[in-house]
Amino acid sequence: MTQSKKLLLIDGNSVAFRAFFAMHQQLESFVSPDGLHTNAIYAFNNMLDIILKEVQPDYALAAFDAGRTTFRTAQYADYKGGRSKTPEELSEQFPYLQELLKDRGITPYQLSNYEADDIIGTLAREADEQAWDTSIVTGDRDLTQLTSDHTTVVITVKGVTQLEKYTPQHVEDKMGIKPSQIIDLKGLMGDTSDNYPGVTKVGPKTALKLLDEYGSIENLYDHVDEMKKSKLKEHLIEDKNQAFLSKKLATIDRHAPLTLGLADIPYTGDHLEELAEFYRKLNFKSFLNKLQPAAGDDGANPFAGQLHEYTELTAANLAAALKPTAPQAFEIEMLDDNYHTSPIVGFVLGTPGHWYVSSQPELLQTDAMHAWLADESRRKYVFDGKRNYVAANRMGGHLQGLEFDLLLASYLLDVNNNSNDLGEIAHSYGDMDVQTDAEVYGTGAHRSMPEDANVFYQHLTQKAAAIYQLEPDLYQKLKDHEQDQLFRDMEMPLSVVLAEMEIAGITVDAERLKKMGAEFQQTLKVLEEKIYNEAGEKFNINSPKQLGVILFEKMNMPVIKKTKTGYSTSVDVLEKLKSYSPIIDDILNYRQIAKIQSTYVEGLLKSILPDHKVHTRYLQTLTQTGRLSSVDPNLQNIPIRLPEGRKIRQAFVPRQDGWEIFSSDYSQIELRVLASISGDTNMQEAFKEGRDIHANTAMKIFGLDDPSQVTPNMRRQAKATNFGIVYGISDYGLSQNIGISRPEAKRFIAAYFEQYPQVKEYTEKSVQIAREQGYVETLFHRRRYLPGIHSKNFNVRSFAERTAMNTPIQGSAADIIKVAMINMQQALRAEGLQATMLLQVHDELIFEAPSAEIETLKKLVPKVMDSAVKLAVPLKVESAYGPTWFAAK
DNA sequence: GGAGTCACG
DNA sequence: ACGTACGTGACTCCA
């Protein structure tokens, strides 16, 4: 049996548009030497790499639209009317895109009067008839109407390098209709981007309902007279012609008069010489480097000009390598994310023209290397200093003299670009000389060392060179943003503090956890039995889908909320169902215990290392606000609010007998930040006089004149309002949160703003600033861009507005504790204490210390924390300590 | 791998 | 009228 042929069809226009806008932010860094924008070509080519590798086609074609007028505009003059003109920066790229496709062995093609869709539809039909396997790549979901047993439609999402495959089954699962019904759907609902109307007032929901009942537009209109009287019926009858026309417009012509056939479009693979010339012309160095030398070549890389030379490091040349007094780029390579445990596979160091590489980690353990690492006057340029600090520590070294961290710099310049791959970041700043780790090592289970050691060495060298090359550029950008202090005096030193905290780790009493786990297991068993009894059958309680069937179909409880995929069974829904059956309470209990068991007992046990500790990793370049996050395990969400979960904290213990856990937290730091940056005199006064801020707010919004009149419920509502303000208030959100009506919530907010007028000004000003400059800033010039602030989409814009209010508050609080941590580490050292800082939980620092040092810490820690910055209001710090983390609160 | 759920500040 | 609180990570199910 011969294998069936494989055909690849690309929707050229659609993918190019996606590619262009996916890399729109980098538009100006992707310019060829002669001024051509190349961002769409670059991203398109990335997509080609992925899809060619996956499909391995025998035949391939990329279809393009021929122009604006087609047979569809003849049927409906406004077809695709009102579309804005293709940006010049993109249209100039199309001729080059076609050249690229040819050089990569793919036939570009267009046909006057027809769209790319029709070319693709026609060829896919021809291939289908011969039972070939076809893959269609596009950014346009409408093309999923072409899926069949032999035809898969691959949709580009999140840019163009993530691909979503659609088979007929997937189409049905995702959209609720068969591929052939997509045109009926479009007929009924129309298409705003293609500018045809459909039936008045019919959107996706109504259209899906109608199709569910009638199957097609034709059948619907055969039975339209039988429908009972309604507005919908009137619209359907009135817009009948439009519906049929729209369906026709949406239908891909699968018999377009093509001037070529399948036999004319064999995939011929990369045409190496032309392709290399093309890459050179466009300055695509990384693609150039990836080109395989042609068969029969002597193996030498034909593009040596793009690659940096390197020397393999040995005991003999080590001294020479370590000699330069200029800053050196340095990087220890590990293939796994978790640098506490990942094997170390090699390292690189050097200056331009003098790169040294090694795949022998043992060299890091030599005295010469140790001396160099620890020598502060030997300045190092790195990518992810924390990762390198931990790795060096594992090899017995102490990494000092960190001068520039490319990862931290790129994060500060744009927190949206939170890639942690050196290659990706270098590309985004226009350096194409270096590949991504995914390209060199693969991803997921395929991640491994390249077979050829030279490939590995070359990659390390290119990385080191990229760090060196980008340093002046990024440092200048930091200065332009007034972020050089934030970089040099906050994030750089913090990375070392975090490394030390991660290395210290926190001891976990595994026996204690196991014992708790056994108890939870019993409780779960009992609850499980009870739930099965109440439901009258066994089912998987952990499956929201199965649970939904039991509650809402078998037991007929009212549906409170729906999710994309079915019934919602979340806590707030279950809370409302409590009165219907005791099963609800049991499910809530079961969920609570199951969560503790799986995440905090079993999960935590898995991350304990042989030293009886867990070593989290703090992600310093991830959040949009400047906060840290914690992974592997996450130690920033250990339970505390409910007594059962809180017990988990009993398993977090000091590293030796006679020591204790000590914890200090900022009290209401975000509200204090708000009081300070808004300049609100009423709020500042409350903090200056040490009043209970929530009770104070309650008095103000309820119009009371004595604190004794504040009931617990008033205080609760006032507290929620305070939080709401910090989050970027909305009446709806507040009403949901405290269970009041929306008008009531509205009155709360109005009363709040009347009492704290400068807070109101602050919220308005933040949004204003975001609109004018495109970003907001924290106290220490941490910056967050908010492109959504100008969106025409209400949701997107509203979100950006709330973010504009919240980010300076949350981010400044994050800045403050970061300063405190740096000062704290310094203070512990200066005082010669054994106490060790272990954890940070956003507004809280956790230490372990000998009992004898507790009295010192009780004074020292709050002093360091509350003096981290000078605000218009005092910072308040509260401390606690005890034999376990449980007691230290 | 996405969705749902729930743990934290 | 639109439909939401801000910031995270881990686990389970299920395609």
Side-chain angles (χ1 to χ4, degrees), chain A residues 157 162-165 167 169-170 172-174 415 444 540-548 561-574 587-588 591-604 606-607 616-619 622-642 644-646 648-649 665-666 668-670 720-721 723-738 742 745 749 784 792-811 813-814 817 839-844:
Chain A
V157 288
Q162 274 194 44
L163 305 171
E164 219 169 68
K165 282 191 206 164
T167 60
Q169 188 58 46
H170 286 137
E172 252 191 280
D173 293 347
K174 189 123 179 179
V415 292
N540 188 344
I541 308 169
N542 289 318
S543 162
K545 197 176 164 194
Q546 294 182 34
L547 180 61
K561 202 165 81 182
K562 287 208 133 203
T563 65
K564 279 182 213 166
T565 52
Y567 312 110
S568 169
T569 66
S570 60
V571 202
D572 49 319
V573 169
L574 294 186
I587 292 166
L588 284 168
R591 281 243 180 104
Q592 196 196 125
I593 305 294
K595 171 89 180 181
I596 300 171
Q597 183 77 319
S598 68
T599 305
Y600 299 105
V601 177
E602 288 162 2
L604 206 51
K606 279 187 213 138
S607 34
T616 187
R617 276 153 43 230
Y618 288 104
L619 306 188
L622 181 135
T623 71
Q624 300 290 299
T625 55
R627 274 190 176 183
L628 302 174
S629 88
S630 157
V631 294
D632 243 14
N634 180 353
L635 295 180
Q636 291 182 318
N637 70 348
I638 302 300
I640 188 163
R641 292 172 191 169
L642 298 170
E644 295 85 347
R646 190 173 191 159
I648 293 290
R649 295 182 174 226
D665 68 287
Y666 284 114
Q668 282 128 16
I669 185 163
E670 292 190 346
T721 312
F723 273 106
I725 297 290
V726 169
Y727 292 157
I729 194 89
S730 78
D731 50 6
Y732 179 87
L734 183 63
S735 73
Q736 287 294 299
N737 194 288
I738 51 181
R742 209 164 147 171
I749 296 168
R784 180 176 184 178
K792 284 203 278 191
N793 180 311
F794 176 86
N795 286 327
V796 172
R797 192 176 63 249
S798 302
F799 177 67
E801 288 169 359
R802 293 197 294 274
T803 310
M805 305 177 210
N806 172 263
T807 294
I809 302 172
Q810 190 182 116
I817 195 165
L839 304 175
Q840 187 252 43
V841 191
H842 309 307
D843 62 359
E844 172 184 16

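A note on names: the letters A, B, ... follow the listed sequences, proteins ahead of strands, and every chain is numbered from 1.
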In whole angstrom, give me the gap between the P atoms of B:dC8 and C:dG3.
31 Å
Base, sugar-phosphate, or nothing: which does A:Gln546 touch, judged by heavy atoms less than 4.0 Å apart?
sugar-phosphate
From CD1 of A:Ile738 over to C1' of C:dT4, roughly how many Å is that when rounded to an integer?
15 Å
Determine, for A:Lys595 against A:Glu602, whether the closest basic-nitrogen to carboxylate-oxygen distance falls under 4.0 angstrom.
no
Please check if the side chain of A:Arg649 supplies one atom and the backbone of A:Ile638 the other of a donor-acceptor pair under 3.5 Å.
yes
Calculate the interatomic distance between A:Leu622 atom CG and C:dT8 atom P; express it in whole Å.
6 Å
Rounded to whole Å, the CD-P distance (A:Gln736 to C:dC6) equals 13 Å
Indicate, with a heavy-atom threshold strictly under 4.0 Å, whether A:Asn793 touches base, sugar-phosphate, or nothing.
nothing
Side-chain N or O of A:Thr565 closer than 4.0 Å to phosphate OP1/OP2 of B:dG2:
no
At 4.0 Å (heavy atoms only), tell me whether A:Asp665 reaches a base, stays on the sugar-phosphate, or touches nothing.
nothing
When rounded to whole Å, the CD to P distance for the pair A:Gln592 and B:dC6 reads 10 Å
Sugar-phosphate, base or nothing in reach of A:Arg742, heavy atoms under 4.0 Å:
base
Looking at C:dA5, C:dT4, C:dA10, which one has an atom nearest to any side-chain atom of A:Asn634?
C:dA10
Ignoring hydrogens and angles, does a donor from either the side chain of A:Gln636 or the base of B:dC8 sit under 3.5 Å from an acceptor on the other?
no
If you find the nucleotide of DNA chain C closest to A:Arg797 and the one closest to A:His842, which residue's nucleotide is nearer the 5' end?
A:Arg797
Given C:dG9, is OP1 or OP2 found less than 4.0 Å from the side-chain N or O atoms of A:Ser629?
yes
For A:Val726, report the nucleic acid contact type (base, sugar-phosphate, nothing); a contact means any heavy atom under 4.0 Å.
nothing
Among C:dT4, C:dA10, C:dA5, the one nearest A:Tyr732 by side-chain distance
C:dT4
Tell me: CG of A:Asn542 to P of C:dA10, nearest whole Å?
19 Å
Using only heavy-atom distances, decide whether a donor-acceptor pair under 3.5 angstrom links the side-chain of A:Lys595 to the base of B:dC6.
yes
Closest to the A:Pro544 side chain: C:dC11, C:dG7, B:dG4?
B:dG4
Does a side-chain N or O from A:Lys545 land closer than 4.0 Å to OP1 or OP2 of C:dA15, or not?
yes
Picking from C:dG7, C:dG9, C:dG3, the nucleotide nearest the side-chain atoms of A:Asn795 would be C:dG3
For A:Phe723, does the CZ atom have more than 12 heavy-atom neighbours from other residues, nucleotides or ligands under 6.0 Å away?
no
Quick one: look up who C:dA1 pairs with, Watson-Crick or G-U, both distances under 3.5 Å, and put none if it's unpaired.
none
Expressed in angstrom and rounded to an integer, what is the separation of A:Leu635 atom CG from C:dA10 atom C1'?
12 Å
Of all the nucleotides listed (B:dG9, B:dA7, C:dA10), which has the minimum atom distance to the side chain of A:Pro639?
B:dA7
Quick one: do the A:Arg591 and A:Thr569 side chains pair a donor with an acceptor below 3.5 Å?
yes
Per the atom types in the model, does the base of C:dT4 pair as donor or acceptor with the side chain of A:Ser730 at under 3.5 Å?
yes
Under a plain distance cut-off of 3.5 Å, with no hydrogens placed, do A:Thr807 and A:Arg784 share a side-chain donor-acceptor pair?
yes
Pick base, sugar-phosphate or nothing for A:Asn737, based on heavy-atom distances below 4.0 Å to the nucleic acid.
base
Among C:dT4, C:dA5, C:dT8, which is the nearest nucleotide to the side chain of A:Leu734?
C:dA5
Of all the nucleotides listed (B:dC8, C:dG7, C:dC13), which has the minimum atom distance to the side chain of A:Thr623?
C:dG7
Does the B:dG9 base have a donor-acceptor partner in the side chain of A:Arg641 within less than 3.5 Å?
yes
Can you tell me how far C1' of C:dT12 sits from CD1 of A:Ile587, to the nearest Å?
16 Å
Where the side chain of A:Tyr618 meets the backbone of A:Gln840, is there a donor-acceptor pair that is under 3.5 Å apart?
yes
To the nearest angstrom, how far is A:Ile593 atom CD1 from C:dT12 atom P?
16 Å
Check every strand shown and say whether A:Ile638 touches a base, only sugar-phosphate, or nothing at a heavy-atom separation below 4.0 Å.
sugar-phosphate
Between A:Thr625 (side chain) and A:Gly811 (backbone), is there a donor-acceptor pair under 3.5 Å?
no
Under 4.0 Å between any heavy atoms, over every strand shown, what does A:Asn637 touch: base, sugar-phosphate, or nothing? Just pick one.
base
What's A:Ile640 touching, base or sugar-phosphate or nothing? Going by heavy atoms closer than 4.0 Å.
sugar-phosphate
Going by atom types only, do A:Thr623 and A:Ser629 share a side-chain donor-acceptor pair under 3.5 Å?
no
Would you say the side chain of A:Arg802 and the base of C:dT4 hold a donor-acceptor pair, judged only by whether the two atoms sit under 3.5 Å apart?
yes
Pairwise distance CD(A:Gln810) to CD(A:Glu670) - rounded to 0.5 angstrom
5.5 Å
Does a nitrogen or oxygen in the side chain of A:Thr625 sit under 4.0 Å from OP1 or OP2 of C:dT8?
no
Donor-acceptor pair present, A:Arg591 side chain and B:dG4 base, under 3.5 Å
no
Which part of the nucleic acid does A:Ile596 contact within heavy-atom distance under 4.0 Å: base, sugar-phosphate only, or nothing?
nothing
When the P atoms of B:dA3 and C:dT4 are considered, how many whole Å apart are they?
15 Å
If you compare every side-chain N and O of A:Ser798 against the phosphate oxygens of C:dT4 (OP1, OP2), does one of them come in below 4.0 Å?
no
Phosphate oxygens OP1/OP2 of C:dG7: is one of them under 4.0 Å from a side-chain N or O of A:Thr807?
no
For A:Gly724, answer base if it contacts any base atom (sugar-phosphate contacts may also be present), sugar-phosphate if it contacts only those atoms, and nothing otherwise; contact means non-hydrogen atoms under 4.0 Å.
base
Indicate, with a heavy-atom threshold strictly under 4.0 Å, whether A:Ala720 touches base, sugar-phosphate, or nothing.
base
Kindly confirm whether the side-chain ring of A:Phe799 is stacked on the base of C:dT4, judged by centres under 5.5 Å and planes under 30°.
no
